[in-house]
Peer 1: 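Next up is a structure, given as structure tokens.
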Amino acid sequence: MPSLPRRSESVREPLAAKVPEAIALFWVIKIVTTFMGEATSDFLLKGVNMAVGAVVEVLLFVIALWLQFRTRHYVAAAYWFLAMAIAIFGTGIADALHVLVGIPYAGTAALWAGILALIFWRWHHTEGTLSIHSITTRRREKYYWATVFATFAFGTALGDLTGSALHWGFLTSGIIFTGIILVPAVARSRFNLNPIVAFWSAYVVTRPLGASFADYFKGISSAATTFISAAVLVVLVAFVARTRKDIQQSPPARGQRQAPEPDSNLLV
């Protein structure tokens with residue numbers, strides 16, 4: 001009998017965890033992607049052309065999504081390319097709801113907060129965990145990236161709410177969110193906050209933090225902010241791809257005891 005055709009590489013289950021370890025450099029790169037996403041989306045939609053910019057954002061997102069889901073283990077370039085594309089596209093979606101649909105920033109922030117909460121609930125209800133160390137199946141990977149997208153859109157709306165609608169100013173907002181992001185880190189190290197809660201709390205805040213500073217600096221030059229942040233992102237991703245410092249360790253073989261995770265990072 002002829003053998004059954006092999007499934008496409010893009011739909012086969014992962015061989016290892018598909019996301020990086022949450023080391024310190026992970027947070028630096030994540031904030032750079034949020035910074036770049038805000039600046040690039042505004043540059044494309046306002047500095048170039050709204051229609052052309054929208055097409056570019058969608059194409060970047062689709063290509064990055066395709067590349068990431070073709071891999072069967074964590075690849076730094078593919079992972080951070082998708083994170084960057086979501087940062088850009090998520091910013092565009094959140095801004096469109098405000099500018100084109102007319103929903104106030106408080107409304108878009110509440111909307112995306114509700115969507116994010118729903119994804120978290122569904123993910124945990126289905127899989128029993130929200131840990132990044134569990135992203136070893138296609139279904140969990142889909143939940144993960146849906147969560148990432150919602151955090152970017154929610155964070156964009158939240159940053160615009162504080163910076164514009166509440167008239168705090170983008171620099172003040174960025175400083176405030178810098179303080180807020182330290183709360184889960186301190187709570188984790190000092191008060192034994194659940195590591196999954198600590199991770200996702202900090203993850204959500206990275207978006208309004210990076211976006212607020214991007215909005216402040218792009219007042220000088222939107223194009224310069226975009227290209228400088230892109231160059232920084234490329235250097236950082238090349239570094240982790242070269243050193244492989246952010247690769248999650250494989251689970252121990254059966255019968256072996258897993259080493260405890262250090263408390264110095266927001267690991268989940």
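Just so it is clear, the structure is predicted and the values come from calculations on it, not from any experiment. Positions are given from 1 along the sequence.
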Peer 1: Applying the 4.5 Å side-chain criterion to the ILVMFWY set and letting contacts propagate, would Phe154 and Leu118 be lumped into a single cluster?
Peer 2: no

Peer 1: Under the side-chain contact (heavy atoms from CB on, under 4.5 Å) rule, what do Leu60 and Phe89 come out as? Steps first, then yes or no, please.
Peer 2: CA-CA 8 Å; Leu60 282 174; Phe89 187 47; over 6 Å; no

Peer 1: Are Ile247 and Val28 in one and the same hydrophobic cluster, where Ile, Leu, Val, Met, Phe, Trp and Tyr link if side-chain heavy atoms are under 4.5 Å apart?
Peer 2: yes

Peer 1: Measuring from atom CG of Asp215 to atom CZ of Phe35, what distance do you get when rounded to the nearest 0.5 angstrom?
Peer 2: 9.0 Å

Peer 1: Quick one: closest heavy-atom pair of Ser164 and Phe170, and the distance?
Peer 2: OG-CZ, 3.4 Å

Peer 1: Who pairs with Tyr203 by ring-ring contact (aromatic ring centres under 6.0 Å, His included), at least two apart in sequence or on another chain?
Peer 2: Phe199, Trp200

Peer 1: What I'd like to find out is whether the side chain of His133 reaches to under 4.5 Å of the side chain of Glu21, using heavy atoms alone.
Peer 2: yes

Peer 1: Please say yes or no: joined through hydrophobic side-chain contacts below 4.5 Å, possibly via intermediate residues, are Trp27 and Val183 part of one cluster?
Peer 2: no

Peer 1: Examine Met50 and Leu59 and state if one hydrophobic cluster contains both, with Ile, Leu, Val, Met, Phe, Trp and Tyr joined whenever side-chain heavy atoms are less than 4.5 Å apart.
Peer 2: no

Peer 1: Would you please indicate if the ring centroids of Tyr74 and Trp80 are separated by under 6.0 Å?
Peer 2: no

Peer 1: Counting distance only, does the side-chain N/O of Arg188 pair as donor-acceptor with the main-chain N or O of Ala198 below 3.5 Å?
Peer 2: no

Peer 1: Atom NZ in Lys18, atom CZ in Arg140: separation rounded to 0.5 Å?
Peer 2: 14.0 Å

Peer 1: Just verifying a value: how many Å separate Phe227 CZ and Met36 CE, rounded to the nearest 0.5 Å?
Peer 2: 9.0 Å

Peer 1: Do Val204 and Leu116 touch side chain to side chain, with heavy atoms closer than 4.5 Å?
Peer 2: yes

Peer 1: Using every non-hydrogen atom in the two residues, find where Ile175 and Phe213 come nearest and quote the distance to one decimal.
Peer 2: N-CZ, 3.9 Å

Peer 1: Supply the atom-to-atom distance Leu233 CG to Met84 CE, rounded to the nearest 0.5 angstrom.
Peer 2: 7.0 Å

Peer 1: Assess the residue pair Thr126 and Tyr143 against the criterion (side-chain hydrogen bond (donor to acceptor under 3.5 Å, both in side chains)); give the C-alpha distance rounded to whole Å, side-chain angles, the decisive distance to 0.1 Å, and a yes or no.
Peer 2: CA-CA 10 Å; Thr126 304; Tyr143 278 122; 3.1 Å; yes

Peer 1: Return each pair, listed once, that meets side-chain hydrogen bond (donor to acceptor under 3.5 Å, both in side chains) where at least one residue sits in residues 148-163; pairs must be two or more places apart or across chains.
Peer 2: Thr156-Arg207, Thr162-Ser173

Peer 1: Please determine whether side-chain contact (heavy atoms from CB on, under 4.5 Å) holds for the pair Asp246 and Ile29, giving the CA-CA distance in whole Å, both sets of side-chain angles, and the decisive distance to 0.1 Å.
Peer 2: CA-CA 11 Å; Asp246 61 341; Ile29 300 176; 5.8 Å; no

Peer 1: Might you point out which heavy atoms bring Val205 and Ser201 nearest each other, and give the distance in Å?
Peer 2: CG2-O, 3.2 Å

Peer 1: At what distance, to the nearest 0.5 angstrom, does CD1 of Ile196 lie from OG1 of Thr129?
Peer 2: 4.0 Å

Peer 1: If I compare all heavy atoms of Ile119 with all of Ala150, which pair ends up nearest, and what's the gap?
Peer 2: CD1-CB, 3.9 Å

Peer 1: In sequence, state the C-alpha distance, the side-chain angles, and the governing distance for Leu209 and Thr34, and then conclude on side-chain contact (heavy atoms from CB on, under 4.5 Å).
Peer 2: CA-CA 8 Å; Leu209 189 162; Thr34 66; over 6 Å; no

Peer 1: When you compare the side chain of Thr206 with that of Lys30, does any pair of heavy atoms fall below 4.5 Å?
Peer 2: yes

Peer 1: In the structure I gave you, are the side-chain heavy atoms of Gln248 and Pro20 within less than 4.5 Å of one another anywhere?
Peer 2: no

Peer 1: Taking atom OG1 of Thr226 and atom CD1 of Ile88, what is their separation to the nearest 0.5 Å?
Peer 2: 8.5 Å

Peer 1: Of all the heavy-atom pairs spanning Thr71 and Arg138, show the shortest one and how long it is.
Peer 2: O-NH2, 3.1 Å

Peer 1: Which is it for Phe152 and Thr33 under the side-chain contact (heavy atoms from CB on, under 4.5 Å) test, yes or no, and what are the steps along the way?
Peer 2: CA-CA 10 Å; Phe152 272 104; Thr33 64; 4.1 Å; yes

Peer 1: Search all heavy atoms of Gln68 against all heavy atoms of Glu141 and return the closest pair with its distance.
Peer 2: NE2-OE2, 3.1 Å

Peer 1: Side chains of Phe217 and Ile228: closer than 4.5 Å at any heavy-atom pair?
Peer 2: no

Peer 1: After noting the C-alpha distance and the side-chain angles of Ser134 and Glu127, does the key distance pass the side-chain hydrogen bond (donor to acceptor under 3.5 Å, both in side chains) rule?
Peer 2: CA-CA 9 Å; Ser134 71; Glu127 301 297 328; over 6 Å; no

